[in-house]
Amino acid sequence: MTRVSSPAGGTMRPCNSLICLGILTMNRLPLLLTCGITFLCADIVTAGNWPAWRGADGRGISPDTNLPVKFGPDTNVTWKTTLPGSANSTPIIWNDRVFLTGPRDGGKIRSLICFDRNTGRELWHHDISFPDQETAHNDNPFCSGSPTTDGRLVYASFGSAGIVACDFEGKVAWHRKLERLAHVFGPATTPVLYKDLLITHRGPGEPTHIVALDKKTGRTRWDTVETGKNHQLWGSWSTPVFYRVGNRDEFALSMPGELKGYDAMTGKPLWSCKGLGPSNYPDTAVGDGVLLGVSGFRKSMMAVRMGGRGDITATHRLWHVEQTPQRIGSGVVHDGHLYIANDPGLAECINVATGKTVWKHRLGGRLWGSMLMAGNRLYVANTQGQVFVLAASTTFKQIARNDMGEHIKAAPAASDGQLFVRTYKHLYCLGKRKSEPTP
């Protein structure tokens with residue numbers, strides 16, 4: 001079911017004009033066009049930005065080839081800054097600004113924080129108070145969703161506290177208080193930008209819906225309702241991932257029991273493929289015309305060919321694996337292979353065409369982190385604070401193991417030769433910046 005309404009309840013027609021996001025970064029236009037991400041415009045191109053959770057296209061791949069390999073709490077550190085509270089969200093970077101979400105006062109205050117990229121000094125923070133009771137989990141604190149920016153405004157979703165947009169000086173452009181969310185494990189969704197829309201998967205639990213807001217005003221453009229249950233074995237924490245098939249832009253979500261595809265402009269459900277487990281944490285992986293849905297709780301994963309409509313289980317599902325290790329973090333697809341981390345401490349390389357494991361190697365600890373690929377290297381962290389550097393190869397090779405000495409659940413972010421690592425206590429900027437600071 002799709003509701004299209006304004007905040008006051010009046011009907012609004014979806015806008016068909018192409019409005020530039022301004023988030024095409026890192027000199028990636030040829031690559032993004034090859035991948036089909038043609039909805040990003042090239043008139044605002046800034047090298048080295050990391051504008052969203054898992055990068056500009058949401059796939060966890062950076063064009064940087066010289067990120068630091070050896071680092072630690074006192075090694076190769078450009079700066080580190082103390083954070084006000086523990087959370088799982090990842091920093092984003094735009095020019096000389098770093099943005100991060102975090103809780104204060106045990107989550108009764110949710111903050112969007114802006115740091116100076118060159119020094120780590122906090123420039124401003126915007127707080128949203130939410131003193132009411134809201135469920136969460138020790139492994140999933142409040143403010144686990146990452147911010148997003150188009151270079152003009154920065155956006156953050158704070159669960160029941162709503163969605164806020166601020167300019168780069170911290171002035172609030174708009175704040176929408178939407179329906180309250182309720183799930184025993186709490187929310188962890190991140191807003192994503194598409195043309196002039198800010199799209200957020202608000203769930204899991206009751207209610208669960210995908211809402212698109214006008215990125216300039218916060219007005220509702222469409223609202224697609226999904227089934228939600230406040231149950232520990234039911235829900236999706238997946239963030240929408242966009243892809244292009246034919247002449248249409250779509251996004252995919254790994255939902256309870258199925259992988260689903262939606263029209264990017266209207267939110268209309270286009271297709272579904274059965275076969276996932278009831279609880280899904282990783283984002284859908286994209287590559288080679290294939291979508292990879294990955295479940296949590298040791299349930300299934302599967303590959304789905306793009307381009308279907310309706311129930312495509314019998315026609316487009318390429319392969320299906322009934323049981324897998326517990327998976328929390330999202331993987332990356334490179335040269336026909338999915339690289340993903342498993343909670344029991346195992347890194348794994350899987351053939352996209354067949355679903356067969358090429359290699360699986362125990363790194364140690366609990367691997368909750370999502371994979372970051374930069375050049376021919378993979379970066380992934382375990383909760384014990386070790387950041388592993390692996391070769392993005394069909395032959396396993398561990399290049400480095402770096403011990404930050406602090407609890408980590410956030411994925412690392414890459415920008416202009418530097419690595420940004422968020423622990424439960426600090427935000428680290430590692431390595432040297434390639435370009436000069438913005439004047």
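Side chains included, hydrogens not; waters and symmetry mates left out as well; all remaining heavy atoms used. Small disclaimer: the values here were computed from a predicted structure and weren't measured. Residue numbers run from 1 in the order of the sequence given.
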Sidechain N-carboxylate O distance under 4.0 Å for Arg117, Asp96: no
Under 3.5 Å donor-acceptor, Ser279 side chain and Trp234 backbone: yes
Identified ring pair (Phe, Tyr, Trp, His ring centres under 6.0 Å) partner of Phe99 from the options Phe420, Trp94, Phe168, Phe115: Phe168
Student check: side-chain heavy atoms of Leu363 and Gln398 closer than 4.5 Å: yes
Considering all heavy atoms, the nearest Pro147-Val154 contact: CB-CG2, 4.1 Å
Any donor-acceptor pair under 3.5 Å from Gln386 side chain to Gly365 backbone: no
Exercise: identify the closest heavy-atom pair between Ser370 and Val380: O-CG2, 4.2 Å
Any donor-acceptor N or O pair under 3.5 Å, side chains Asn342, Arg327: yes
Nearest-0.5 Å distance that lies between atom CG in Leu276 and atom CG in Leu253: 11.0 Å
Spacing of Asp214 atom CG and Leu198 atom CG [to the nearest 0.5 Å]: 9.5 Å
Any donor-acceptor N or O pair under 3.5 Å, side chains Tyr243, Asp249: no
Close side-chain approach of Leu390 to Phe396, heavy-atom, < 4.5 Å: yes
Spatial distance of atom OG (Ser415) from atom CG (Asn49) [nearest 0.5 Å]: 6.0 Å
Side-chain donor or acceptor of Thr189 paired with backbone N/O of His201 under 3.5 Å: yes
Aromatic ring pairing His334/Tyr339, orientation class (parallel under 30°, perpendicular over 60°, tilted between): tilted
Matching residue for Pro91 among Ile113, Thr101, Val98 - test: side-chain contact (heavy atoms from CB on, under 4.5 Å): Val98
Contact check, side chains of Leu83 and Leu100, non-hydrogen atoms, under 4.5 Å: yes
No-hydrogen, no-angle side-chain donor-acceptor test under 3.5 Å, Asp139 and Trp368: no
Thr313 side, atom OG1; Leu259 side, atom CG - distance, nearest 0.5 Å: 10.0 Å
Note, Val321 side chain near Ser300 side chain (heavy atom, < 4.5 Å): no
Salt-bridge criterion met for Asp311 and Lys274 (N-O under 4.0 Å): yes
Smallest separation among heavy atoms of Leu372 and Ala414, with atom names: CD2-CB, 4.1 Å
Spacing of Gln326 atom CD and Lys299 atom NZ [to the nearest 0.5 Å]: 11.0 Å
Proximity of Phe242 and Tyr194 rings by center, below 6.0 Å: yes
Test item: Ser157 side-chain N/O and Pro191 main-chain N/O as donor-acceptor pair under 3.5 Å: no
Under 3.5 Å: donor-acceptor pair, side chain of Ser144, backbone of Ala87: no
Exam field: side chain Arg110 to backbone Phe142, donor-acceptor pair closer than 3.5 Å: no
Side-chain donor/acceptor of Asn230 to backbone N/O of Val184, under 3.5 Å: yes
Salt bridge flag under 4.0 Å for residues Lys215 and Asp150: yes
Passing candidate, salt bridge (charged side-chain N to carboxylate O under 4.0 Å, His left out) with Glu250, options Lys268, Arg309, Arg244: Arg309
Gap between atom NE2 of His337 and atom SG of Cys349 - 0.5 Å precision: 5.0 Å
From CA spacing to verdict: side chain to side chain contact (heavy atoms under 4.5 Å, CB included), Arg180, Phe130: CA-CA 11 Å; Arg180 290 191 61 172; Phe130 194 82; 3.9 Å; yes
Heavy-atom pair with the smallest gap, counting every atom of Gly162 and His175: CA-NE2, 4.2 Å
Minimum side-chain heavy-atom gap Thr220-Arg176 below 4.5 Å: yes
Donor-acceptor contact present, side-chain Ser146 to main-chain Trp53, <3.5 Å: no
Audit row: Glu348, Thr324, side chain to side chain contact (heavy atoms under 4.5 Å, CB included) steps and yes/no: CA-CA 11 Å; Glu348 190 170 3; Thr324 65; over 6 Å; no
pair Met301-Pro282: side-chain heavy atoms closer than 4.5 Å: no
Parallel, tilted or perpendicular, as decided by the 30° and 60° cut-offs, for the rings of Tyr155 and Trp174: tilted
Qualifying residue for salt bridge (charged side-chain N to carboxylate O under 4.0 Å, His left out) with Asp343, from Arg298, Arg366, Arg362, Lys409: Arg366
Within 6.0 angstrom of Lys177 NZ, more than 12 heavy atoms from elsewhere: no
Asn140/Trp237 under side chain to side chain contact (heavy atoms under 4.5 Å, CB included): CA gap, chis, key distance, verdict: CA-CA 11 Å; Asn140 183 35; Trp237 290 259; 4.1 Å; yes
Asp283 versus Thr239, closest heavy-atom pair with distance: OD1-N, 2.9 Å
Among Asn382, Ile328, Leu346, Thr383, side-chain contact (heavy atoms from CB on, under 4.5 Å) partner for Leu367: Asn382
Donor-acceptor pair, side chain of Asp288 and main chain of Val290, under 3.5 angstrom: no
Non-hydrogen atoms of Leu112 and Cys166 that approach each other most closely: CD2-SG, 4.1 Å
Whether Arg202 side chain and Gly159 backbone form a donor-acceptor pair below 3.5 Å: yes
No-hydrogen, no-angle side-chain donor-acceptor test under 3.5 Å, Ser435 and Asp416: yes
Student check: side-chain heavy atoms of Gln418 and Asp64 closer than 4.5 Å: no
Val421 side chain reached by Tyr379 side chain, heavy atoms, under 4.5 Å: no
Intermediate values then yes/no, side chain to side chain contact (heavy atoms under 4.5 Å, CB included), Asp223 and Leu178: CA-CA 11 Å; Asp223 193 345; Leu178 301 169; over 6 Å; no
